[in-house]
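Heads up: the structure comes next, in structure tokens.
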Amino acid sequence: MCKVIAIANQKGGVGKTTTTSNLGIGLAKQGKRVLLIDADAQGSLTASLGIQEPDRLEITLATIMASIINDEEIKPEYGILRHEEGVDFMPGNIELSGLETSLVNVMSRETVLRTYIEQQKDRYDYILIDCMPSLGMITINAFTSADSILIPVQAAYLPVKGLEQLIKTIGKVKRQINPKLEIEGILLTMVDNRTNYARDISNLLIENYGSRVRIFENSIPMSVRAAEISAEGVSIYKHDPNGKVASAYQSLTEEVLGNE
Ligand SMILES: Nc1ncnc2c1ncn2[C@@H]1O[C@H](COP(=O)(O)OP(=O)(O)OP(=O)(O)O)[C@@H](O)[C@H]1O
Ligand SMILES: [Mg+2]
């Protein structure tokens, strides 16, 4: 059985991409077959997997989705790249923003990505989708394709209002298009253990959402080592194997495996 998890939060810079790559590589290290999908026009996931100029790539998620819109046959492995640490990935780049605009007039515009992912399901155990910081059509496509949504929340600010909107959108997609959709959990990221602030936010999250949404036991600490990896093109397990962020992502991986 393949599980599809979208990593989403319309707030920018909360650790979506970092979580997608390190959870994905974590799952691969546990022997799972993993496909990562870069559904963000910024191409940050693609860059963090070692592609220096995502915008120069010819085959990306945008071209694949355009083929599906045009009803063209594509082989499942077409355009998929492989990272040295054992994950496959479908890159994304700036062309996704043009596609986002053109989706408005497309028949079944919410299900284009799902059509692609359905073709991949017998080839992978986990498919993780790195969403862009918006709730636009591409993100809705990700929610339509997913079994669950993992929501990274940066521990440095009170996220309540944006989270409410995100949870509402997830509920709407669940009711209208994708009845199996669940929230995998809220993940606190960039936790600075020198302050009490993270604990306050954690308590606030539990108070406000604990009854409705699972909050991951593991959080991801703030560390300059984590900020370095996107430039290195490798995971935290390779860049700083004995550090606290590697250990946190490993624990998160185990938690996600436990949710199977
Ligand atoms: N645990 C961490 N500690 C310190 N810095 C981090 C940590 N995780 C991520 N970062 C850094 O914070 C920035 C934002 O992280 P990331 O790109 O993963 O967020 P994002 O939610 O994907 O952003 P966007 O909304 O732009 O797609 C990056 O520069 C990243 O390297
Ligand atoms: Mg990102």
Side-chain angles (χ1 to χ4, degrees), residues 5-26 36-52 54-55 60-62 83 87 89-97 100 128-136 138-139 141-143 146 149-157 159 162-163 165-166 169 184-195 197-198 201-202 216 218-253 255:
I5 306 176
I7 292 71
N9 188 336
Q10 75 276 29
K11 170 102 174 76
V14 295
K16 295 181 287 295
T17 301
T18 307
T19 298
T20 306
S21 64
N22 290 289
L23 173 59
I25 291 171
L36 307 180
I37 297 182
D38 190 348
D40 183 357
Q42 297 177 94
S44 324
L45 178 68
T46 303
S48 78
L49 294 169
I51 305 291
Q52 281 174 5
D55 290 347
T60 63
L61 185 62
H83 185 263
V87 294
F89 65 105
M90 169 48 65
N93 69 13
I94 188 73
E95 287 181 41
L96 273 172
S97 54
E100 172 119 59
L128 307 186
I129 312 169
D130 183 25
C131 294
M132 61 178 90
S134 89
L135 294 172
I138 306 252
T139 300
N141 265 264
F143 292 2
I149 312 216
L150 189 159
I151 307 173
V153 166
Q154 191 180 346
Y157 80 114
L163 259 184
Q165 193 195 358
L166 175 58
T169 305
E184 187 75 27
I186 295 178
L187 173 70
L188 268 186
T189 60
M190 302 184 214
V191 175
D192 184 349
N193 285 318
R194 291 168 306 181
T195 70
Y197 205 55
I201 298 220
S202 175
F216 282 105
N218 291 284
S219 57
I220 309 299
M222 169 93 88
S223 160
V224 61
R225 308 295 281 171
E228 286 162 0
I229 55 175
S230 51
E232 301 275 327
V234 298
S235 74
I236 194 69
Y237 313 109
K238 200 150 205 183
H239 182 62
D240 186 25
N242 300 316
K244 56 190 180 181
V245 175
S247 146
Y249 273 113
Q250 193 168 344
S251 304
L252 174 71
T253 302
E255 251 189 294

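Order of listing sets the numbers, starting from 1, for every ligand and every atom in it. Both backbone and side-chain heavy atoms feed into the values below; hydrogens, waters and symmetry mates do not.
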### Query
Is the backbone of Gly233 close enough, under 3.5 Å, to the side chain of His83 for a donor and an acceptor to pair up by distance?
yes

### Query
Side chain of Tyr249, backbone of Ile236: donor and acceptor closer than 3.5 Å?
no

### Query
Does the Lys16 side chain pair with the main chain of Asn9, one donor and one acceptor, at a distance under 3.5 Å?
yes

### Message
Just to be sure I understand the cut-off, which residues have at least one non-hydrogen atom under 4.0 angstrom from an atom of ligand 1?
### Response
Gly12, Gly13, Val14, Gly15, Lys16, Thr17, Thr18, Asp40, Gln42, Pro133, Met190, Ile220, Pro221, Met222, Ser223, Ala226, Ala227

### Heavy-atom pair with the smallest gap, counting every atom of Ala8 and Leu166
O-CD2, 3.9 Å

### Task
Would you check if the side chain of Glu100 reaches a backbone N or O of Ile138 as a donor-acceptor pair within less than 3.5 Å?
yes

### Message
Within 2.8 Å of the Mg ion (ligand 2), is there any N, O or S atom belonging to Gln42?
### Response
no

### Message
I want to check something: taking the side chain as every heavy atom from C-beta on, are Gln10 and Met132 in contact at a cut-off of under 4.5 Å?
### Response
no

